[in-house]
Amino acid sequence: MTEASESLNFIEQIIEEDLANGMSKDSLRFRFPPEPNGYLHIGHAASICLNFGLGERYNAPVNLRFDDTNPAKEEQEYVDAIKNDIEWLGFQWATECYSSDYFQQLYDWAVELIKNGKAYVDGQSSEAMAEQKGTPTTPGVASPHRNQSVEENLELFEKMKNGEFEAGRYVLRAKIDMASPNMLMRDPLLYRIINKEHHRTGSEWCIYPMYDWAHGESDYVEQVSHSICTLEFKSHRELYDWFLDQIYDSAKLRPKQREFARRNLSYTVMSKRKLLQLVQSGTVSGWDDPRMPTISGLRRRGYTPESIRKFSEVSGITKRDSVTDVSLLEFCIREDLNKTATRVMGVVDPVKLIITNYPEGKEEMLIAENNPEDANAGTHEVPFSKEVYIEKEDFKEEAGNKFFRLTLGNEVRLKNAYIIKGESVVKDADGNITEIHCTADLDSRSGSGTEASLRKVKGTLHWVSIKHAVTAEVREYDRLFLDEAPDAHEDKDFMEFVNPDSLKIIKEAYVEPFLKQAKLNDKFQFQRLGYFTLDKDTTEGNLIFNKTVGLRDSWAKQKPAQPQAQNKPAANNQPQGQRSPINEIQKIAKKYTNLSGAKLEAARADIAKLAEKVEYDELEPLFNTAAKKVGTRIGVMISLGVLLKNGLERNDKIEAFIEAGLSDGNELLVAEAQEL
RNA sequence: UGCCCGAUGGUGUAACUGGCAACACGUCUGGUUUUGGUCCAGAAGAGUCUAGGUUCGAGCCCUAGUCGGGCAACCA
């Protein structure tokens with residue numbers, strides 16, 4: 001299956017256009033520009049996949065450029081983590097670059113700007129400058145230093161660079177337009193003084209360029225053709241272009257900035273600041289806590305690079321903001337792991353089961369398929385004996401016939417072993433079941449080929465032989481937040497939505513001995529439970545498994561009262577705009593003519609109900625609705641009926657509208673008009 | 001009160017740039033199955049924010065509105 005007619009996202013379309021307009025394919029070059037002040041998250045993955053994907057698509061180089069212009073926030077630890085994550089995702093950058101590599105060039109260009117009267121040194125307080133900046137609706141006023149002489153500016157800037165001033169004393173500003181409707185054009189800062197060791201340049205510099213000054217010029221130095229960033233930088237584009245204008249040499253390629261929407265994931269937050277807060281407050285164990293939406297967290301949780309790339313691909317690139325449901329991410333990892341994970345058995349919530357007719361002391365090695373999806377995956381052995389653990393929830397003394405598991409008197413198969421039948425239970429003083437006694441059909445061993453082994457029974461259970469069981473710790477994770485968009489509430493802090501039960505630790509789970517050989521990064525499917533991977537906390541003799549994601553579970557959905565209380569909880573108090581009743585009516589009415597029977601009745605009732613809250617003034621303009629939009633006219637007619645019934649006086653416009661309705665070709669409309 | 005973006009099933013995206021609104025996830029049926037998984041078959045669900053206009057024809061173009069997001073850090 002090749003691409004039928006693959007559709008391009010809007011960035012690719014822009015590139016195709018540029019190519020069509022004569023840009024050489026060889027001049028395509030991209031970059032991924034993280035600031036090393038935190039770990040990469042699934043949102044960055046979108047940008048990484050986009051940029052590196054473009055590189056692969058056009059066979060063009062992609063630079064990894066660290067945007068390290070603020071030594072107060074940036075650290076080498078983050079540089080290393082970011083590189084590791086990108087490589088893990090399976091991408092290779094052409095050149096590892098740093099904005100700090102260009103500090104000298106940036107400085108030289110800044111001097112040139114000053115000489116050209118395009119920049120000046122300002123010694124006011126940041127408050128004063130903010131004041132002068134004005135507001136989006138009122139123009140700013142010029143700084144008293146705006147027209148300082150070039151010589152004075154040069155001298156001050158030189159002194160700034162030489163460390164003759166304390167931090168914050170002076171800044172270098174571009175001289176653009178204090179009245180621009182774009183706030184960023186009101187003489188933005190180019191340089192500020194920061195007396196901090198830089199992770200790469202050490203104490204060589206004490207003035208550092210601002211993002212806007214550094215970023216576009218870095219793109220230019222690297223001759224990046226398409227500088228792709230997120231939407232909040234849209235208004236920076238004007239500045240980006242202005243800065244380029246100052247230094248641009250037409251013999252060289254001129255980079256262009258284009259913006260796409262950042263990706264949000266439901267039930268989590270996606271800003272480095274907020275993620276850092278989760279880490280620092282101890283809400284999670286670190287940047288790589290398996291509940292974090294970071295690349296490192298997802299990796300530790302058991303996500304594969306393939307699944308994350310697939311997720312990015314499926315999610316697409318656009319300019320509208322959105323919240324992607326985690327279920328899409330979960331689909332991607334299940335899809336990948338289903339094909340690759342080794343099937344094993346483990347019991348998380350055990351109860352003892354004794355096979356009374358199985359010989360005491362007997363042990364057998366049974367054969368277990370490693371992966372039914374992969375014929376070449378091979379098999380491994382599973383030890384079996386008289387006493388096994390099964391999952392507590394797989395047994396009920398009595399149950400309806402929808403319960404495909406073990407009950408007294410019913411048969412089920414123990415996966416890869418025998419068909420057993422529930423006979424009796426042993427309970428403790430409190431009535432808890434401590435043992436389940438069964439008999440096995442000893443001719444029914446899986447794979448033996450006997451007639452009995454081929455019998456069909458309703459259910460199959462996973463199990464672990466008690467004698468051979470290996471104890472393991474299992475960590476199960478739930479969403480970190482109870483709200484779909486925890487940081488979308490103006491009135492509430494996102495921390496208020498932290499899910500107190502997002503981590504469940506099971507200290508004594510039992511797994512089959514095969515798992516003793518498990519290595520970090522191995523992926524397993526605990527049959528009927530979900531996908532698991534070994535956690536890095538594992539030590540010799542103390543296995544720890546992270547649950548990556550559960551299997552799809554159509555049985556859980558049928559169970560009556562779902563404990564899963566937080567499915568779609570407070571999501572409705574979102575600050576979404578309310579539709580007015582008249583808008584609602586229009587919306588319903590629009591599809592009115594497509595309805596029939598009960599649905600039609602319901603729609604009519606909805607409209608009538610909403611009409612109670614509608615003013616005549618809102619309704620009258622809709623009398624002019626085009627004749628072909630019958631649905632809307634019907635809705636208006638129904639609403640009009642309600643208003644008339646409530647005492648509205650008839651006027652010429654109303655009469656004319658009813659008249660027009662009566663002579664319409666649509667029966668429904670005629671009928672409504674006749675009512676009036 | 002200014003400027004800039006955006007709006008297509010529940011969710012995320014498509015629609016050859018004006019020609020019967022498609023795909024994936026999710027949901028629901030049924031079948032296969034030694035995983036209530038996978039797989040297979042099928043279904044429901046949007047007339048594309050609203051109104052007007054251009055056109056033989058509009059989700060795509062134009063106008064006006066509505067709603068949502070961004071913009072006033074010595075952050076990036």
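All values reported here derive from a predicted model rather than from experimental measurement. Reminder, nothing fancy here: chain letters follow the sequence lines and each chain counts from 1.
Nucleotides rA15(B) and rA41(B) are separated by 26 Å at their P atoms, to the nearest Å. Taking atom P in both rU1(B) and rG65(B), the straight-line distance is 12 Å, to the nearest Å. Taking the C1' atoms as reference points, rG59(B) lies 24 Å from rG26(B), given to the whole Å. Going from the P atom of rA44(B) to that of rC49(B) covers 23 Å, rounded to whole Å. Spacing between rG69(B) and rC74(B) at atom C1', rounded to whole Å, works out to 27 Å. rG12(B) and rG6(B) are spaced 16 Å apart, taking the C1' atom of each and rounding to whole Å. Remark: the separation of the P atoms in rG2(B) and rC61(B) is 25 Å, to the nearest Å. One C1' atom belongs to rC62(B), the other to rU54(B), and the distance between them is 7 Å to the nearest Å.
Ring-base stacking between W555(A) and rG36(B) is satisfied, the centre separation being under 5.5 Å and the plane angle under 30°.
N182(A) comes within 4.0 angstrom of nothing in the nucleic acid, heavy atoms only. Here E335(A) lies out of heavy-atom contact (under 4.0 Å) with every strand. Here G459(A) lies out of heavy-atom contact (under 4.0 Å) with every strand. Residue V457(A) is out of contact with every strand shown, counting any heavy-atom pair closer than 4.0 Å. The residue K402(A) sits close to a base: some heavy atom pair falls under 4.0 Å. S315(A) comes within 4.0 angstrom of the backbone, heavy atoms only, and of no base. Using a 4.0 Å heavy-atom cutoff across all strands shown, H236(A) reaches at least one base atom of the nucleic acid. Among the heavy atoms of the strands lying under 4.0 Å from K456(A) are primed sugar atoms or P, OP1, OP2 only; no base atom is included. Base contact: S126(A) has a heavy atom under 4.0 Å from a base atom. Across all strands shown, Y170(A) has no heavy atoms under 4.0 Å from either base or sugar-phosphate atoms. Contact annotation for T138(A): no contact, since no heavy-atom pair falls under 4.0 Å across all strands. Within 4.0 Å of D212(A), counting heavy atoms only, lies no atom of the nucleic acid at all. As judged by a 4.0 angstrom heavy-atom cut-off over every strand, I317(A) is placed among residues touching the sugar-phosphate backbone only. When heavy atoms are screened at a 4.0 angstrom cut-off, K234(A) is found touching the sugar-phosphate backbone but no base atom.
Between I367(A) atom CD1 and rU34(B) atom P there is a gap of 18 Å when expressed in whole angstrom units. E259(A) places its CD atom 16 Å from the P atom of rG70(B), with the value rounded to the nearest Å. When the P atom of rA73(B) is taken as reference, atom CD1 of I193(A) falls 20 Å away, rounded to whole Å. A straight line from CG of N264(A) to C1' of rG6(B) spans 14 Å, rounded to a whole angstrom. As a whole-Å value, the separation of W463(A) CH2 from rU35(B) C1' is 14 Å. Atom NE2 in H489(A) sits roughly 12 Å away from atom P in rG69(B) (whole-Å rounding). A straight line from CD1 of I419(A) to P of rU35(B) spans 12 Å, rounded to a whole angstrom. Rounded to a whole Å, the CD atom of Q525(A) is 16 Å from the P atom of rU34(B).
Residue R262(A) places its CZ atom among 12 or fewer non-hydrogen atoms of other residues, nucleotides or ligands, all under 6.0 Å distant. Atom NZ of K161(A) has more than 12 heavy atoms from other residues, nucleotides or ligands within 6.0 Å. E335(A) CD: more than 12 foreign heavy atoms inside a 6.0 Å radius.
Under the rule for a ring pair (Phe, Tyr, Trp, His ring centres under 6.0 Å), the partners of F66(A) that lie at least two apart in sequence or sit in another chain are Y98(A).
Among the candidates K458(A), R455(A), K421(A), R405(A), the single residue satisfying the salt bridge (charged side-chain N to carboxylate O under 4.0 Å, His left out) test with E411(A) is R455(A). Checking each of R334(A), K523(A), Q525(A) against Y531(A) for a side-chain hydrogen bond (donor to acceptor under 3.5 Å, both in side chains) leaves exactly one that passes, namely Q525(A).
Between S235(A) and rC3(B), a side-chain N or O to OP1/OP2 separation shorter than 4.0 Å is absent. Remark: R320(A) is not in phosphate contact with rG12(B), judged by side-chain N or O atoms under 4.0 Å from OP1 or OP2. Remark: T69(A) is in phosphate contact with rA76(B), judged by side-chain N or O atoms under 4.0 Å from OP1 or OP2. In terms of phosphate contacts, K73(A) brings no side-chain nitrogen or oxygen within less than 4.0 Å of OP1 or OP2 of rC75(B). Applying the 4.0 Å criterion to OP1 and OP2 of rU11(B), one finds that T324(A) has every side-chain N and O outside that range.
Annotation: the span from F395(A) atom CZ to N410(A) atom CG amounts to 10.0 Å, rounded to 0.5 Å.
Within residues 341-348 of chain A, the residues approaching RNA chain B are R343(A), by heavy-atom distance under 4.0 Å.
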Which protein N or O atoms sit under 3.5 Å from an N or O of nucleotides 23-27 of chain B?
from: rU27(B); atom 1: OP1; to: K557(A); atom 2: NZ; distance (Å): 2.8

Any N/O pairs under 3.5 Å between the protein and nucleotides 15-17 of chain B? List them or say none.
from: rU17(B); atom 1: O4; to: Q13(A); atom 2: OE1; distance (Å): 2.8

Give each protein N/O atom lying under 3.5 Å from an N/O atom of nucleotides 18-22 of chain B, with the pair distance.
none

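In rG47(B) the O4'-C1'-N dihedral to the base is within 90° of 0, which defines a syn nucleotide. rU33(B): glycosidic angle beyond 90° from 0, hence anti.
Aromatic rings of Y107(A) and F157(A) (six-membered ring for Trp) have centroids within the 6.0 Å cut-off, being under it.
The base of rU35(B) does not come close enough to the side chain of R528(A) for any donor and acceptor atom to sit less than 3.5 Å apart. Evaluation of atom-type donor-acceptor distances gives a pair under 3.5 Å for the side chain of E373(A) against the base of rG37(B). For rG12(B), its base never sits under 3.5 Å from the side chain of R263(A) at any donor and acceptor pair.
Looking only at side-chain heavy atoms (C-beta outward), M210(A) and P188(A) stay at 4.5 Å or farther from each other. Between D187(A) and M129(A), the closest side-chain pair of non-hydrogen atoms is not below 4.5 Å. In this structure the side chain of V382(A) never reaches within 4.5 angstrom of the side chain of F514(A), judged on heavy atoms. In this structure the side chain of N9(A) reaches within 4.5 angstrom of the side chain of L50(A), judged on heavy atoms.
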Exercise. Whenever both distances are under 3.5 Å in a Watson-Crick or G-U wobble pair, mark it; put RNA chain B into dot-bracket that way, with [ ] for crossing pairs and | when the partner is on another strand.
Key: .((((((..((((.....[..)))).(((((.......))))).....(((((..]....))))))))))).....
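Between rA72(B), rG12(B), rU35(B), one nucleotide has an atom nearer to the side chain of P136(A) than all others, and that is rA72(B).
Minimum heavy-atom separation, L406(A) to F403(A): O-CE2, 3.6 Å.
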